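Worksheet: one structure, shown below.
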Amino acid sequence: MANIASEQLGTEPIGKLLVKQAVPASIGILVMSLNVLIDSIFVGNWIGSIAIAAINVVLPVSFFIAALGMAIGIGGSSIISRALGADNKEKALKTFGNQITLTLLVTITMVVLGLYFVDGLIPAFGGKGAIFEPAKIYYVIVLYGVPFLALCMMGNTVIRAEGKPKFAMTAMIIPSVGNLFLDYIFIYVLDWGMHGAAWATTAGYLLCLAYIVYFFLSKNSELKPSLHHFGLNRDILKEIGALGFVTLARQAVTSIIYLLMNNILFGLGGEALVAVYAIVGRMLMFALFPVFGVTQGFLPIAGYNYGAAKYARVKESIYTAIKYAALVATLVFAILMIFPTEIADLFLSDRTGLPVQELTTNAYVLQNAPLAMRMVFLATPIIALQLIGAAYFQAIGKARPALLLTLTRQGFFFIPLLLILPNFMGALGVWLSFPIADVLATIVTGWYLRKEVITTLNATA
C-alpha cells in the first residue's frame with residue numbers, strides 16, 4: 001500500500017482535506033509573495049523607484065528559467081500523485097529521479113545562454129535608459145542562483161504530491177525570510193545597493209534548496225530514489241514534458257507579456273509608467289496568494305483520486321475548490337478596490353533630499369498606480385473557475401485541454417487586447433486588457449470544465 005500520508009488524499013472528507021492542503025500552500029505562497037512585496041518596498045525606499053523597475057525587467061527572464069523547474073515539477077508530480085493513488089511506488093520513484101536529472105540539465109544550459117545574451121535580453125524586456133545598468137547588475141547575480149530556484153520549485157511540488165503540505169510550506173518560507181533578513185544586511189547596513197538585493201535573493205534560493213534536500217534525505221519522505229532511478233526514461237520524460245509544457249507555456253507567455261508590457265508602457269510614459277506596472281505586478285503576485293493556495297492544494301487531491309478511480313471525490317474536489325477560491329478572491333477584490341492609494345504609497349520612498357527625478361517619478365506613480373490597480377483586478381471575483389478548471393486537467397494528466405485553458409487568458413485573449421487597445425486608449429487600454437481577458441477566459445474554461453464533468457466524471461462515477 002502507499003504511504004499513509006498519501007493515502008489520506010483518497011479517504012479524508014474533501015472539505016477538510018482541501019483546507020489541510022490549501023492553508024499551508026497559501027501560507028507558503030503568502031510568505032513568498034510578501035518576500036517579493038517587502039523586497040520591492042525595501043528596494044524602492046533604500047535604492048529608488050527606478051530600481052523597482054529594473055527588477056521588474058529581470059523577473060521574466062529569471063522566472064522563465066526557474067519555471068523550467070516548476071514545469072518539470074508539476075508535470076512529474078501529476079504522475080507521482082496518480083502513481084501513488086494506483087499503488088505504483090516504482091513509477092513514482094523513477095519519475096522523481098528523472099525530474100532531478102532533467103531539471104539540472106535544462107536549467108544549467110539556460111543559465112549559460114542567459115549570461116551569454118545578457119546585453120541583448122535586458123533591453124528587449126524593457127531595460128532601457130536609466131533602467132539598464134541596475135537591471136544588468138541584478139540579472140547577472142540572480143541568474144547564478146536560478147538553478148537552485150528551479151530545483152526548489154521542482155522539489156516543492158513533489159513534496160506536495162506526497163501529501164506533505166506543511167513541509168512544502170516550510171520550504172517556501174525559509175528562502176523568503178532569509179532573503180528579507182539579508183536584504184536588511186546587504187542593502188541597508190552594508191549599502192551594497194542592487195548588488196545587495198541580488199545576492200540576498202540568490203542566497204535565499206540556496207537556503208531553500210538545502211531544506212528540500214534535507215526533507216528527501218530524512219524519514220519524512222517516502223520517495224527515496226536509488227541511482228538507477230536517475231537514468232532518463234523516454235516514456236516518463238514524454239509524460240513529464242507533455243504535462244510540464246502546460247506550466248512552461250504559461251510562464252513563456254508571461255515572459256512575453258512582461259516584454260510587451262514594459263516596452264509598450266515605456267513608449268507611453270517612460271520609466272515612471274514602467275514603475276507603475278512594477279507595483280501592480282507585485283500585487284498580482286501577492287494579493288492572489290490564497291487563490292493560488294487553494295489551486296495548489298487542489299492538485300494532489302484531484303490527481304490522487306483520479307488515479308484511484310474515485311471520480312465522485314474528484315468532482316466534489318472541483319466544486320469545493322471553486323467555492324473556496326471564489327470566496328477568498330472576492331475578499332481580495334474588496335481590499336484592492338478600497339485601498340489602492342495606500343498600497344501604492346508603501347513602495348515609494350519618503351526620505352528627505354531625494355533627487356528631483358526621483359520625486360517626479362514618485363508623484364507620477366502615486367497618481368497613476370491606484371487606477372491601474374483597480375482596472376487590473378476588476379474581474380478578480382470570477383478567476384477561481386478559470387484557475388481551478390485549468391489545474392484540473394493538468395492534475396489528471398490531460399495535457400491538451402490543460403495547455404489550451406492555460407493559454408486562453410494570457411495568450412489567446414490578453415496579448416491581442418494588449419496590442420490593440422493601447423492604440424486607442426493609451427495606458428488605460430493596457431489596464432483594461434486584464435479584466436476583459438479574465439472574463440473571456442473564464443467563460444471558455446467554464447464550458448470545458450462542465451463538459452468534462454458531464455462526459456467523464458458523471459459517466460464513470
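Note that the structure is predicted; figures quoted are calculated from it, not measured. In this chain, numbering begins with 1 at the start of the sequence shown.
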For [X] against [Y], the heavy-atom pair lying closest together:
X    : Y    : result
I212 : A171 : CG1-CB, 3.9 Å
A325 : V291 : O-CG2, 4.0 Å
V365 : A275 : CG2-CB, 3.9 Å
L209 : C152 : N-SG, 3.2 Å
A372 : W431 : CB-CE2, 3.4 Å
S226 : H229 : N-ND1, 2.8 Å

Q.
Walk me through whether L223 and I80 qualify under side chain to side chain contact (heavy atoms under 4.5 Å, CB included).
A. CA-CA 10 Å; L223 295 177; I80 290 172; 4.3 Å; yes
Q: Report the C-alpha separation of F96 and F216 in whole Å, then their side-chain angles, then the decisive distance to 0.1 Å, and conclude whether the ring-ring contact (aromatic ring centres under 6.0 Å, His included) test is met.
A: CA-CA 11 Å; F96 183 39; F216 285 113; 4.6 Å; yes
Please report the interatomic distance [atom1]([X]) to [atom2]([Y]), rounded to the nearest 0.5 Å.
X    : Y    : atom1 : atom2 : result
L237 : T101 : CG    : OG1   : 9.0 Å
F167 : S221 : CZ    : OG    : 9.5 Å
W192 : I187 : CH2   : CD1   : 11.0 Å
Q99  : I74  : CD    : CD1   : 10.5 Å
L421 : I264 : CG    : CD1   : 10.0 Å

Q) With under 30° as parallel and over 60° as perpendicular, where do the rings of Y184 and Y188 fit, or are they tilted in between? A) parallel
Q | Matching residue for E239 among R82, K94, K398 - test: salt bridge (charged side-chain N to carboxylate O under 4.0 Å, His left out) | A | R82
Q. For the ring pair F434 and F377, is the centre-to-centre distance below 6.0 Å?
A. no
Q) Does W199 have its ring centroid less than 6.0 Å away from the ring centroid of F186? A) no
Q | Pairwise side-chain contact, L206 with T202, heavy-atom cut-off 4.5 Å (strictly under) | A | no
Q) So, do N220 and Y214 sit near enough that their side-chain heavy atoms are less than 4.5 Å apart? A) yes
(Q) Can a donor-acceptor pair be found, under 3.5 Å and without considering hydrogens, that links the side chain of K136 to the backbone of D119? (A) no
(Q) I'd like to know if the side chain of N98 and the backbone of G231 have a donor-acceptor N/O pair within less than 3.5 Å. (A) yes
Q.
Just to verify, which of L387, L299, L405, V314 counts as forming a side chain to side chain contact (heavy atoms under 4.5 Å, CB included) with Y392?
A. V314
**Q.** side chain to side chain contact (heavy atoms under 4.5 Å, CB included), paired with S317, selected from I388, I322, I301
**A.** I301
[X] [atom1]: over 12 foreign heavy atoms closer than 6.0 Å:
X    : atom1 : answer
Y448 : OH    : no
K166 : NZ    : no
K451 : NZ    : no

(Q) When you compare the side chains of Y138 and T201, does any donor N or O come within less than 3.5 Å of an acceptor on the partner? (A) yes
